[in-house]
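Excluded from the calculations below are hydrogen atoms, water molecules and symmetry mates; all remaining heavy atoms, backbone and side chain alike, are included. In this text, all values refer to a predicted model and were calculated from it rather than measured experimentally.
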Amino acid sequence: MTSPDALVRVATARGVTTLTLDSPHNRNALSTPLMTQLLAGLADAVADDAVRAIVLDQTGPVFCSGADLKETAAAYASGTVPAGMLGDVLVAVRECPKPVVAKVAGPARAGGLGLIAAADLAVCAQEATFAFTEVRIGVIPAVISATVLPRLDQRAAAELYLTGDTFDGLRAAEVGLVTAAVPAGELDAAVERYCASLVRGAPGALAGAKELLRRPAATDLRAEIAELAALSTGYFLSDEGREGVMAFREKRPAAWVPAGD
C-alpha cells in the first residue's frame, strides 16, 4: 500500500503499473524525496514479473514543473544542488527494460521535459504547455539534453532552448518531444490503447527492442547486419519466440498476454 504522505503513488492493474507524481503543492517539482520515491517505484515495477508496462502520471493540473527551486536555493550554502539526482532518474526511465509511457495532462517545464523525453512513448493533451525555461533563470538544460536532444529536430531544439518560449502539445508532437497530442478528453483512452498494445509484447522481446532503439549507428553495414541476423535467430529460438510462433499459428493469445487482453 502506498504511504499516505507519498509523493509518488503506485497502482498496478492488468500488467500496467502507474506511477503518479503526487506533489501538487509545488507543481510536482523534482525534489529529492520525489525523485527518490520515483526511483524506488521504477525499481519495484521492473522487479515484478507481472508488470509489463509503466505509466508516468500526475496529480493536479501540472505534470512536472522541473527542479524544486526552493530546495535548490536552500542547498546553496552546502555548495551542491539536488539537480544532480535528476540524471539518475532519467537513466532509470530511459534504460528501464519495460516500456514507459508518459501521460501528460498539463504543463511541463525544464526537468519535466527530460522525464517526458526519457519515456519510450509520451502522450499529451493538446492543451498542455511546455517550455525550456532554464536560460531565463541563468542556467542551461544540461542534464536533460541527454534524453531531449535525441528526440528533437535540431532547428526546433535551438529555438526552444535559446528563447525559453512556451509551446503547446501540437508543437511538442511536431518537433518529436511527444509521440502524440490529443484533446484532453481523449487522453486517458489514448494511453490505455498504447498500454493494451504494449502488454501483448513478450517481456524479453520488449526489452530487446528497447535495446535496438538505443543502438548506435553502424559504421560497418555488413558486420551490423550479420550481428543483427544472429540476434534475430536467437530470439526466434528462445522460449518466448517459440511460444509466440505457436500462438500465432494456433490463433490464440500468447502465454504472456494478461487475461482479458
Side-chain angles (χ1 to χ4, degrees), residues 10-19 38-57 87-103 114-123 146-151 176 178-180 189-261:
V10 183
T12 300
R14 298 181 68 180
V16 178
T17 286
T18 299
L19 302 176
L38 182 55
L39 286 169
L42 286 165
D44 288 345
V46 168
D48 186 346
D49 290 340
V51 174
R52 316 300 298 289
I54 300 166
V55 172
L56 303 179
D57 201 352
D88 296 332
V89 173
L90 298 184
V91 169
V93 173
R94 187 76 178 90
E95 296 188 348
C96 178
K98 300 180 180 183
V100 179
V101 182
K103 176 183 174 184
L115 190 60
I116 292 168
D120 300 292
L121 303 175
V123 187
T147 58
V148 169
L149 290 183
R151 303 287 192 198
V178 301
T179 310
V191 172
E192 287 170 6
R193 284 195 297 272
Y194 275 120
C195 289
S197 295
L198 292 171
V199 299
R200 298 187 69 82
L206 288 170
K210 288 194 59 167
E211 290 180 4
L212 281 179
L213 291 168
R214 295 194 298 268
R215 194 178 177 93
T219 55
D220 183 335
L221 182 59
R222 288 184 179 276
E224 175 79 352
I225 288 177
E227 184 177 341
L228 291 174
L231 185 63
S232 182
T233 298
Y235 273 89
F236 270 108
L237 295 176
S238 70
D239 290 343
E240 280 188 353
R242 294 174 190 272
E243 163 61 12
V245 169
M246 289 301 296
F248 179 81
R249 288 172 59 92
E250 296 169 3
K251 296 182 173 56
R252 60 172 174 82
W256 55 75
V257 178
D261 285 295

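- Sequence neighbours left out, the pairs with a member in residues 233-244 that pass salt bridge (charged side-chain N to carboxylate O under 4.0 Å, His left out) are Glu243-Arg252.
- Of all heavy-atom pairs between Trp256 and Ala202, the closest is NE1-N, 3.4 Å.
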Could you list the donor-acceptor pairs under 3.5 angstrom formed by side chains in residues 223-230, with sequence neighbours left out?
residue, atom, partner, partner atom, Å
Glu224, OE1, Arg215, NE, 3.4
Glu224, OE1, Arg215, NH2, 3.2
Glu224, OE2, Arg215, NE, 2.7
Glu227, OE1, Arg215, NH2, 3.3
Glu227, OE2, Arg215, NH2, 3.0

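- In plain terms, the two heavy atoms of Ala122 and Ile116 that are nearest each other are CB-CG2, 3.7 Å.
- When every heavy atom of Pro203 is checked against every heavy atom of Arg52, the shortest pair comes out as CD-NH2, 3.1 Å.
- Scanning all heavy atoms of the two residues, the minimum distance from Ala92 to Leu42 falls at CB-CD1, 4.0 Å.
- The two atoms that bring Asp120 and Pro99 nearest to each other are OD2-CA, 3.4 Å, heavy atoms only.
- Between Asp88 and Leu39, the closest side-chain pair of non-hydrogen atoms falls below 4.5 Å.
- For the pair Leu19/Asp57, no side-chain contact is recorded, criterion being any heavy-atom separation below 4.5 Å from C-beta on.
- Between the side chain of Lys103 and the main chain of Val55, no donor-acceptor pair closer than 3.5 Å is present.
- In this structure, the side chain of Thr147 engages the main chain of Gly114 through a donor-acceptor pair within 3.5 Å.
- Pairs of residues two or more places apart, or lying in two chains, never qualify as salt bridge (charged side-chain N to carboxylate O under 4.0 Å, His left out) while including a residue from residues 90-99.
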- Kindly indicate, with the supporting measurements, whether the criterion side chain to side chain contact (heavy atoms under 4.5 Å, CB included) is fulfilled by Cys195 and Arg14. CA-CA 10 Å; Cys195 289; Arg14 298 181 68 180; over 6 Å; no
- Step by step, work out the side chain to side chain contact (heavy atoms under 4.5 Å, CB included) result for Leu231 and Leu212. CA-CA 10 Å; Leu231 185 63; Leu212 281 179; 4.1 Å; yes
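- The shortest distance between side-chain heavy atoms of Leu115 and Leu38 falls below 4.5 Å.
- Listed here is the closest heavy atom pair of Ala119 and Val101: CB-C, 4.4 Å.
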